[in-house]
Amino acid sequence: MTKTYAVIGDPIDHSLSPAIHNAAFGFLGIDCTYIAYRIPKGELAYGIEALKKIQISGFNVTIPHKVDMMKFLDEIDENCKTIGATNTVVNNNGSLKGYNTDMDGFLDPVKKRNIDCKDSDVLLVGAGGAARAIVVGFAKEKVRKITIANRTKERADELIKFANSLGVQSDYSDLSNAGNIAGKYKFIVNATSVGLKGNACPISTRSITKDSIVYDIVYMPVETELIEQSKKQGATIIYGWEMLLGQAMRSFGIWTGREAPYQAMKLTLLGRF
Ligand code: ATR
């Protein structure tokens, strides 16, 4: 029987996950298919029931459900437990097991560029589920400090406590001040959905320099406003599609037990832009 996988979130119409996973299934000749399913905030319980009814084999979780989804899991992988957010779920006859491939997917392109994170300072914009995975990733790489800039301060405060619990110094900046201080940081990471399908920028780029590394996890458009402006200031850029590919390859491995076909997935991804 054909196995079906999905990505759930809202908005979901921009998602490239169906294209890359279906390309990988096709490339390896595996009888599986992958769909996008929009579940608005507040409708997760109903959405999960629907997925179980169609005997979904597994699914990815994206904005805004990565943290809320934890409540619906019967089993939680170690990485996922530490992060407190899930992006990859396996369905075993109605029993859901959560994983998190965001953290390693996020670090992939940093490692590929041989960038050393140790003792560096990070300005992290956003405090949602993706941001949590990034904090764990940077903690693992032994950064010195993570400043969290977020629209909602309470959420940032929670993430600051979390970073501290992992042994990393952390403090808060509001979004408007983040633009003034960005130049002091080695890494500037956007983990909000700002920039997705629009020309908004989460923070001002005025203080970004050629010594900054700007990593935007938004991948649609490829050249977000943040990336475009940071490029003009000479910064090193890491693209959202690189993280997308990294996390997708790992999800694919968890679901199929096969090594994900990197080239087929990358070509499909870049062909879609
Ligand atoms: P995910 O779990 O995928 O990270 P999320 O938990 O909904 O998704 O987090 C989305 C992030 O984008 C949050 O940091 C959110 O800020 P709030 O904590 O204030 O909600 C941020 N975000 C979304 N829309 C935004 C906007 N228009 N302006 C500023 N920040 C925004």
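Note that ligands are numbered from 1 as they come in the structure, with each ligand's atoms numbered from 1 the same way. Worth knowing before you read on, the calculation uses all heavy atoms, side chains too, and leaves out hydrogens, waters and symmetry mates.
Per-residue contacts place Gly129 under 4.0 angstrom from the following atoms of ligand 1 (heavy atoms of the residue considered): 1 (P), 2 (O), 4 (O), 6 (O). Here is the list of ligand 1 atoms found below 4.0 Å of a heavy atom in Gly126: 14 (O). In summary, the atoms of ligand 1 found under 4.0 Å from a heavy atom of Ile63, numbered by their order in the structure, are 1 (P), 3 (O), 8 (O). For ligand 1 and Ser193, the ligand atoms under 4.0 Å from any heavy atom of the residue are 12 (O), 23 (C), 24 (N). Counting atoms of ligand 1 from 1 in the listed order, those under 4.0 Å from a heavy atom of Ala130 are 1 (P), 2 (O), 4 (O). Each of the following atoms of ligand 1 lies closer than 4.0 Å to a heavy atom of Thr152: 17 (P), 18 (O), 19 (O), 20 (O). Within the listing of ligand 1, atoms 7 (O) sit less than 4.0 angstrom from a heavy atom of Pro64.
For the 3.5 Å distance criterion, the side chains of Gln229 and Gln233 fail to qualify, holding no donor opposite an acceptor. If you check the side chains of Asn180 and Asn177, you find a donor sitting under 3.5 Å from an acceptor.
Counting non-hydrogen atoms of neighbouring residues, nucleotides and ligands closer than 6.0 angstrom, the CZ atom of Phe273 exceeds 12 such neighbours.
Lys186 and Asp121 are not joined by a salt bridge, as no carboxylate oxygen comes within less than 4.0 angstrom of a charged side-chain nitrogen. Between Lys184 and Asp211 there is no salt bridge, since no side-chain N of the basic residue sits under 4.0 Å from a carboxylate O of the acidic one. For the pair Asp171 and Lys145, the salt-bridge criterion is met [side-chain N within less than 4.0 Å of a carboxylate O].
Closest to atom 9 (O) of ligand 1 among all protein heavy atoms lies Gly128 CA, 3.5 Å. The protein non-hydrogen atom at the shortest distance from atom 18 (O) of ligand 1 is Asn150 ND2, 2.8 Å. At the shortest separation from atom 13 (C) of ligand 1 among protein heavy atoms lies Arg155 NH1, 3.6 Å.
At a 4.0 Å heavy-atom cut-off, ligand 1 touches Arg151 through backbone and side chain alike.
Ligand 1 has no nitrogen or oxygen under 3.5 angstrom from a nitrogen or oxygen of Thr192.
Ring orientation note: the planes of His21 and Phe25 are tilted relative to one another, at an angle of 30° to 60°. Ring orientation note: the planes of Trp255 and Tyr34 are tilted relative to one another, at an angle of 30° to 60°.
Contact annotation: Val67 has no heavy atom less than 4.0 Å from any atom of ligand 1.
Judged by a 6.0 Å distance limit and a 45° cone about the ring axis, Arg258 is not positioned over the six-membered ring of Phe252.
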